[in-house]
Protein chains: 2
Amino acid sequence: MSKPAKTQYAILGALTVFPMSGYDIKKWIRDVTGPFWAESSGRIYPALKQLMQQKLIVCDATQGRGKRPRKVYKLTARGLALLRKWLILPAHDEVLRNELKLKLFYGKNVAPEIIEQHLARQKERMEKTLVRYQSIMEHIKSHHKNQIDAKYWLLTLHNAIHHCQAELEWLKGAKA
Amino acid sequence: MSKPAKTQYAILGALTVFPMSGYDIKKWIRDVTGPFWAESSGRIYPALKQLMQQKLIVCDATQGRGKRPRKVYKLTARGLALLRKWLILPAHDEVLRNELKLKLFYGKNVAPEIIEQHLARQKERMEKTLVRYQSIMEHIKSHHKNQIDAKYWLLTLHNAIHHCQAELEWLKGAKA
DNA sequence: TCGCACATGTAACGCGTTACATGATTAC
DNA sequence: GTAATCATGTAACGCGTTACATGTGCGA
């Protein structure tokens with residue numbers, strides 16, 4: 001009925017890189033797939049539970065130090081098969097809900113200075129983001145050069161950088 | 001607790017252009033703000049009801065032809081004030097969930113041909129989109145040149161075009 | 001007369017966020 | 001000793017999609 005849940009694929013994908021705990025996955029998604037994918041911990045832990053039940057992942061090792069264990073999850077053959085099945089399907093259109101652009105679109109209803117502030121904030125944010133992306137790129141190039149994932153990581157990172165630069169280009173022209 | 005609803009602002013904004021029916025708003029959002037904002041009719045009609053209750057909009061005229069009326073809504077002073085209040089607030093970060101990029105990121109798990117297909121589909125889609133955007137731009141330039149909204153419409157449309165072109169540029173380089 | 005665009009709505013479902021709860025470990 | 005980070009989870013809430021229901025007007 002509603003949209004199919006994609007959290008599971010973000011998790012299964014992460015586990016193709018190496019086994020991770022829920023916390024690791026959370027950070028991985030935030031720090032690595034951040035430019036194009038987000039998840040909240042309120043989704044990750046329940047999703048892990050479901051994936052366990054479906055035997056798409058297994059709890060590799062409970063590194064119990066004290067009462068609260070650190071659960072490390074590992075992909076199963078079933079899990080990899082499901083991920084592959086999803087990967088080959090055409091991607092759905094991204095649902096766009098860009099608040100900044102909506103505000104700019106109806107900008108005639110506020111003073112021009114307000115719009116300039118919006119644009120200035122965006123410029124600052126994009127400049128910071130671009131620097132971050134470029135440092136991630138350097139990091140991948142120097143630390144993961146021979147990893148088979150690296151090719152695809154750089155592909156998506158290039159995409160993010162292109163869009164970042166496009167936004168900055170647009171902002172340059174936007175003063176007119 | 002959860003995210004504040006932004007559907008109302010998309011509707012209030014649309015009504016700053018001219019009075020519209022629910023159906024008009026639906027089409028307007030799909031066809032005009034489509035590049036950066038989406039709403040489903042399952043949100044629009046309930047939202048209109050709420051906005052009426054809060055006296056942020058009024059039902060201007062019930063153009064009853066037959067049993068099913070065509071209700072035309074109009075912004076009130078209260079509605080415009082609320083919209084303005086929202087417009088001046090800094091925009092929240094866009095929540096990114098780009099399915100295509102997620103699939104590409106974990107591309108090592110499928111055959112390279114699959115990835116090439118994803119990229120080819122994206123190229124085709126972006127080319128079509130770019131043509132559409134450019135024709136919308138021509139339309140605005142020729143039909144709405146002197147409208148005070150047009151400046152802001154072109155601003156956001158330029159943005160969409162820049163990103164479209166950035167995506168195509170990236171796709172060109174992606175074959176390597 | 002058939003299909004499409006116009007037109008308004010409702011209900012089920014579940015996704016996802018936010019906030020909260022709890023506790024361990026490390027570094028200063 | 002205390003703050004930050006590591007670490008795992010739950011519950012409330014409501015947003016948003018999807019599918020459904022219903023009916024009108026017009027053009028081929």
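The analysis underlying the following values was restricted to heavy atoms, covering all of them including side chains, and did not include hydrogens, waters or symmetry mates. A note on names: the letters A, B, ... follow the listed sequences, proteins ahead of strands, and every chain is numbered from 1. In this text the structure is predicted, and so the values were computed from the model without any measurement.
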Quiz item: Taking only N and O in the side chain of B/K6, is any of them less than 4.0 Å away from OP1 or OP2 of D/dC15?
Solution: no
Practice problem: Report the C-alpha separation of A/W28 and A/F18 in whole Å, then their side-chain angles, then the decisive distance to 0.1 Å, and conclude whether the ring pair (Phe, Tyr, Trp, His ring centres under 6.0 Å) test is met. | Solution: CA-CA 11 Å; A/W28 175 266; A/F18 41 73; 5.8 Å; yes
Quiz item: Any ion pair linking A/R97 and B/E94 (charged N to carboxylate O, less than 4.0 Å)?
Solution: no
Self-check item: B/K123: salt bridge (Lys or Arg N to Asp or Glu O under 4.0 Å) partners, not counting sequence neighbours
Solution: B/E127
Quiz item: So does B/T7 get a side-chain nitrogen or oxygen closer than 4.0 Å to the phosphate oxygens (OP1/OP2) of D/dC15?
Solution: no
Quiz prompt | A/D24 CG to D/dG9 P, straight-line distance once rounded to whole Å | solution = 13 Å
Quiz prompt | Geometric class of the A/H162/A/H158 ring pair [parallel <30°, tilted 30-60°, perpendicular >60°] | solution = perpendicular
Quiz item: Sequence neighbours excluded, which residues qualify as salt bridge (Lys or Arg N to Asp or Glu O under 4.0 Å) partners of A/R125?
Solution: B/D93
Practice problem: Quick one: which residue pairs count as a salt bridge (charged side-chain N to carboxylate O under 4.0 Å, His left out) with a foot in residues 14-33 of chain B, not counting sequence neighbours? | Solution: B/D24-B/R70
Exercise. Could you tell me whether the side chains of A/H163 and B/E167 share a donor-acceptor contact shorter than 3.5 Å?
Key: yes
Quiz item: Listed by chain and number, what are the salt bridge (Lys or Arg N to Asp or Glu O under 4.0 Å) partners of A/E113, not counting sequence neighbours?
Solution: none
Quiz item: Using a heavy-atom distance cut-off of less than 4.0 Å, which residues of residues 25-52 of chain B contact DNA chain C?
Solution: B/K26, B/K27, B/G42, B/Y45, B/K49
Exercise. Kindly point out which of D/dT8, C/dA5, D/dC15 is positioned nearest to the side chain of A/R97?
Key: D/dC15
Quiz item: Does A/Y23 put a side-chain nitrogen or oxygen below 4.0 Å from OP1 or OP2 of D/dC6?
Solution: yes
Quiz item: What integer distance in Å separates A/R70:CZ from C/dT25:P?
Solution: 13 Å
Quiz prompt | Value in whole Å for how far the C1' atom of D/dG16 lies from CG of A/D93 | solution = 17 Å
Quiz item: Rounding to a whole Å, what distance do you find between B/Y9:OH and D/dC15:P?
Solution: 11 Å
Exercise. Give me the bend of the helix from C/dT1-D/dA28 to C/dC28-D/dG1, using the axes of the five pairs at each end, rounded to 10°.
Key: 30°
Quiz item: Which whole-number value in Å describes the distance from A/I11 CD1 to D/dG9 P?
Solution: 12 Å
Quiz item: Can you find a pair of side-chain heavy atoms, one from B/T156 and one from A/Y106, that are under 4.5 Å apart?
Solution: no
Exercise. Starting at atom NE2 of A/H92, determine the distance to atom C1' of C/dC15, rounded to an integer number of angstrom.
Key: 15 Å
